[in-house]
Amino acid sequence: MYSPSGPAARRARRAPRSVVSWTRPRAARSSSRSMADMLPPHPLLPSAHSSWRYPATVPDVDELQRRFRSLAETAAPRAPLYSLLSSAIAEDREVVELLTAAPATQQAPVLLLAATHHLVLSGVAPDLAVHYPNLNGGDASASDPWPAFRQLCSDHADDIRALVATRHTQTNEVGRCATFLPVFAALARETGRPIAHVDVGTSAGLTLLWDRYGYRYQPGPSLAADSDVVLPCGVRGDAPLPDALAPRVAGVGLDLHPIDVTDTQATRWLEACVWPDQIDRFHRLEAALSVARRSPPTIVQGDAVDDVAALVRDAAQLGHAVVTTSWALNYLTAERQAEFVAVLDAVGRDVDVSWVAAESPEQTPGLALPHPPGTEHLTVLTLRTWRAGSVSTTALATAHPHGYWLHWLSQPT
Ligand SMILES: C[S@@+](CC[C@H](N)C(=O)[O-])C[C@H]1O[C@@H](n2cnc3c(N)ncnc32)[C@H](O)[C@@H]1O
């Protein structure tokens, strides 16, 4: 019997209240190149980020059918497989009903599709796997995937119900490191200290490992291009691209639901949440996970607001404390977002800190961060610094939500 539950986040521990030394030995680099290395330099992909927020009232099957029809329409231009499957699911009430095992707020079509993708990745549905572009070498299958999908839903209905009841969609997008890198380099230069990194909403902690990846800015420099994971990033504007990685002394992640990179059930779920049509993204995640497994990141289980202060105070003793948040604070209510800023403001009165946010202004109103007009729906890279108690906040750039491009603002806001 397939079991969806695993020893999630075995490595995680509760948030500490005292000084910790987070540094782990750095993994050796291999000279082989990843699938990501073969990406074109300017893949101006549309945003694939979906922030599903449904009301707590239990939806009926008619409403869920409407949600699948809507996904079929919106996914059509960029995710033909999920568009096609969503259309077919919408007309099959028995399959739609599987999603009712999820908590009301989680009843998003993408959750059911992630559950079925998880089963496909676990190898129980080879007839369906041949239709998944991430598993069939990118072949846009001409034959109809629906009969094999329907069969999987019949054969594994209980497994699907168990997955949607216990999991929520979760991602970890390593490409965002390419947008952080120029800021880290500038901060290390300014402070004369190595980066002590605290990543809030870290998921599996993959963006903590920015010094193990390679980067190919276009136009611009290539850095550590012999890494197993090389991140391409198209650049516009006068970005201060570094010619070397900033020194990094320590890194720790904080997450309510951390993912342990050594737990294959947990990482399979992370992979299952990537849409199969996003082939490069899927393989990039696989490559980043194998880099991470060689020397797993340190992750603390805890809440962004309640537990960040202790980690930042520890970081400030190890190097220059840099907090990052990327597509994480949109999970908090506006009130909690404001509390997050207040917590950092309180720490910043005592120690020098920098916070680099890659968030969507329209989804993080409580942060009240500055952004140029017309950018509220984009990912805005913002830097807030506390130096000797004095606060300064600047919107630096807009970015692709997965870091495929960076547009440096000519007049930082
Ligand atoms: C979309 S993922 C982004 C992960 C990562 N920052 C990245 O850029 O790939 C959002 C993460 O925030 C975490 N999260 C949500 N609410 C949180 C909270 N209150 N405290 C800590 N982490 C939280 C989720 O568990 C999830 O791992």
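As the structure lists them, so they are numbered: ligands from 1, and atoms in each ligand from 1. The model shown is predicted, which means the values in this text are computed figures rather than measured ones.
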Inset, instruction - Go through the side-chain N and O atoms of R176 and T379 and say whether any donor and acceptor fall under 3.5 Å apart. - result: no
Inset, instruction - Name the orientation class of the two ring planes belonging to H402 and Y404 (parallel below 30°, tilted from 30 to 60°, perpendicular beyond 60°). - result: perpendicular
Inset, instruction - Could you tell me which atoms of ligand 1, counted from 1 in the order shown, lie closer than 4.0 angstrom to a heavy atom of G302? - result: 20 (N), 21 (C)
Inset, instruction - Return yes when A358 approaches ligand 1 closer than 4.0 angstrom through a heavy atom, no otherwise. - result: no
Inset, instruction - Would you please indicate yes or no on a ring centroid separation below 6.0 angstrom for W210 and F180? - result: no
Inset, instruction - Could you tell me which atoms of ligand 1, counted from 1 in the order shown, lie closer than 4.0 angstrom to a heavy atom of W327? - result: 1 (C), 2 (S), 3 (C), 10 (C)
Inset, instruction - Please indicate whether any nitrogen or oxygen in H168 is less than 3.5 Å from any nitrogen or oxygen in ligand 1. - result: no
Inset, instruction - Before accepting this row, confirm whether a basic side-chain N of the pair R67/E63 lies closer than 4.0 Å to the acidic partner's carboxylate O. - result: yes
Inset, instruction - Give yes if a backbone or side-chain nitrogen or oxygen of T207 is under 3.5 Å from a nitrogen or oxygen of ligand 1, and no if not. - result: no
Legend entry - Salt-bridge contact D306-R336 (side-chain N to carboxylate O under 4.0 Å): yes
Legend entry - Within the 6.0 Å centroid threshold, strictly below: H407 and H400: no
Legend entry - Polar contact flag for E173 and ligand 1 (N/O pairs, less than 3.5 Å): yes
Legend entry - Residue portion contacting ligand 1 (non-hydrogen atoms closer than 4.0 Å) for L332: side chain
Legend entry - R294/D228 ion pair, N-O < 4.0 Å: yes
Legend entry - Side-chain ion pair, D345 and R384, N-O less than 4.0 Å: yes
Legend entry - Option with minimal heavy-atom separation from atom 22 (N) of ligand 1, where the choices are L256, T202, L285, V300: L256
Inset, instruction - Could you tell me whether V200 and ligand 1 have an N or O pair separated by under 3.5 Å? - result: no
Legend entry - ligand 1-proximal atoms of Q170, by part, heavy-atom distance under 4.0 Å: side chain
Legend entry - Nearest neighbour of atom 6 (N) of ligand 1 from the list A328, S203, G201, C273, on a heavy-atom basis: G201
Inset, instruction - Could you name the option among V174, T169, T171, N172 that has the heavy atom nearest to atom 2 (S) of ligand 1? - result: T171
